[in-house]
2 protein chains.
Amino acid sequence: MNPPPKPHSAATQLPPGSSAAPPDTSIDTRERILAAGAEVIGRKGFNGSGLNEILTLAGVPKGSFYHYFASKEEFGVALIERARDQYLEELKESLYDRKRTPLQRLRAIFTETRNQCQAQGPTVECLIPKLALETATLSEPVHAAVRCVYQQWSAIIAQLIREAQSVGEVDRAQDADRLANVLVMMWEGAAIRMQIDRSIQPLDDFLAFVFDGLLHPRR
Amino acid sequence: MNPPPKPHSAATQLPPGSSAAPPDTSIDTRERILAAGAEVIGRKGFNGSGLNEILTLAGVPKGSFYHYFASKEEFGVALIERARDQYLEELKESLYDRKRTPLQRLRAIFTETRNQCQAQGPTVECLIPKLALETATLSEPVHAAVRCVYQQWSAIIAQLIREAQSVGEVDRAQDADRLANVLVMMWEGAAIRMQIDRSIQPLDDFLAFVFDGLLHPRR
DNA sequence: GCCAAATTAGACCAGTCGTCTAGTGCCGCA
DNA sequence: TGCGGCACTAGACGACTGGTCTAATTTGGC
């Protein structure tokens, strides 16, 4: 299975992660808007956040916004792509760590995310699930971006599961794609419950259930 | 615009003995606003929906809104409670059906919900998860109502699991409360995925995974 | 016919997204 | 050194909608 089509992203302007920290304004401004947007929209939702608040937080005048983004909707798409890229970047190390077995890697990426949620306190952002639900019937472009992210995410998990199966860590009778979908579903549900209960307990429940029971190497 | 058809309303729960006033128009107006609100907000989200649209759909003048609800926020709380009551009402029959074993009952309530989602088409409402995420950091009263619903829901599932354990349908080594939380999490995740993929496949994946694997009576 | 309660109409202003024009600073080119 | 064009900043402005609230109207019991 091929990775989903990569949409036009900031990569057209500069190679990712090349610059250390130049006080360059142009790229920096766009990024500042995105960072502020992720913060505010992660807290108050897409429709609940006005551009004014986002731009005030970013310290960027309104005129600049529409230089970098055609509309608030397109801004939402950019937000999702940014969140996906950041997340994958964070997990890259664990994902391709050849010193660990596939199942260990699978466990690592969930555990790392859990630890990050804990570090960030009880009001984590969870930007993507939030935008997913809010724009599912509201904005087709944002919805498409969200769907793309989830397919990619499921594919990554499925691949790990297949590797784990090939080394005998996971029962080969399980359908890897369906199992991956179930894991993603469960994880998203846990993330929601974390928001509702304002506790990382659901994430711990997920980890314990999956890695100490469901996929436990010794059966 | 023609007036919206009257929602197929079974007798809504009525505060017992509050007044002898016949519940003709007054309750009906309130209910009409709630029904329209569930429809619109389920589609476009809480912040994405204006009172104007809701009230136009309900055929109720704007001024009346604040006679029945103190604020939009309180309206949100009422919406959640209504959704919960409706849902529990629908499931009541299966929940307490003594002709079925506990595990069969557990399966029935999820299957029924799945069938209803299928009947309602690909854009089901999913009001509660939507409001849950949108208001988690926005409105404390709504958030509290949401949390209450989830706790109740988890407790119901846990009780069913305990009954299933007591008749040997489910492994007694499993902690019923944690298993219940995991099921709820998974179900919510499946509901989200249903919205994203616009398909009930995730619900079917859930059902197959849980009832043909995880909890399958024959091990 | 009258009064109080139930209900409605519509004004209200803060805030929405998006537009627009004027202004700034920086670049290559002469 | 000066010039012209371009990328970007700056923020006022407009058309509109948001939720809220007060004042007016209807309603119904006496």
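Throughout, protein chains are lettered first and strands after them, A, B, ... in sequence-line order, and every chain is numbered starting at 1.
- The distance from atom OH of B:Y68 to atom P of D:dC21 is 18 Å, rounded to the nearest whole Å.
- Judged as a salt bridge (Lys or Arg N to Asp or Glu O under 4.0 Å), and not counting sequence neighbours, A:R178 has no contacts.
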B/S/- contact track for nucleotides 14-28 of chain C, protein heavy atom under 4.0 Å: --SBBB---------

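- Under the side chain to side chain donor-acceptor pair (under 3.5 Å) criterion, B:K72 pairs with no residue at all, not counting sequence neighbours.
- A sub-4.0 Å separation between OP1 or OP2 of C:dT7 and a side-chain N or O of B:H67 is present.
- In the displayed structure, B:E93 atom CD is contacted under 6.0 Å by at most 12 heavy atoms of other residues, nucleotides or ligands.
- Atom pair B:F75:CZ and D:dT20:P shows a separation of 12 Å (rounding to whole Å applied).
- Taking side-chain N and O atoms only, B:S64 has a distance below 4.0 Å to OP1 or OP2 of C:dT8.
- Not counting sequence neighbours, the partners of B:R105 by the salt bridge (Lys or Arg N to Asp or Glu O under 4.0 Å) test are B:E163.
- Checked against salt bridge (Lys or Arg N to Asp or Glu O under 4.0 Å), A:D177 has the following partners two or more places apart in sequence or in another chain: A:R162.
- As a whole-Å value, the separation of A:D28 CG from D:dC8 P is 13 Å.
- Partners of A:E89 according to the side-chain contact (heavy atoms from CB on, under 4.5 Å) rule, which considers only residues two or more places apart in sequence or in another chain, are A:K92.
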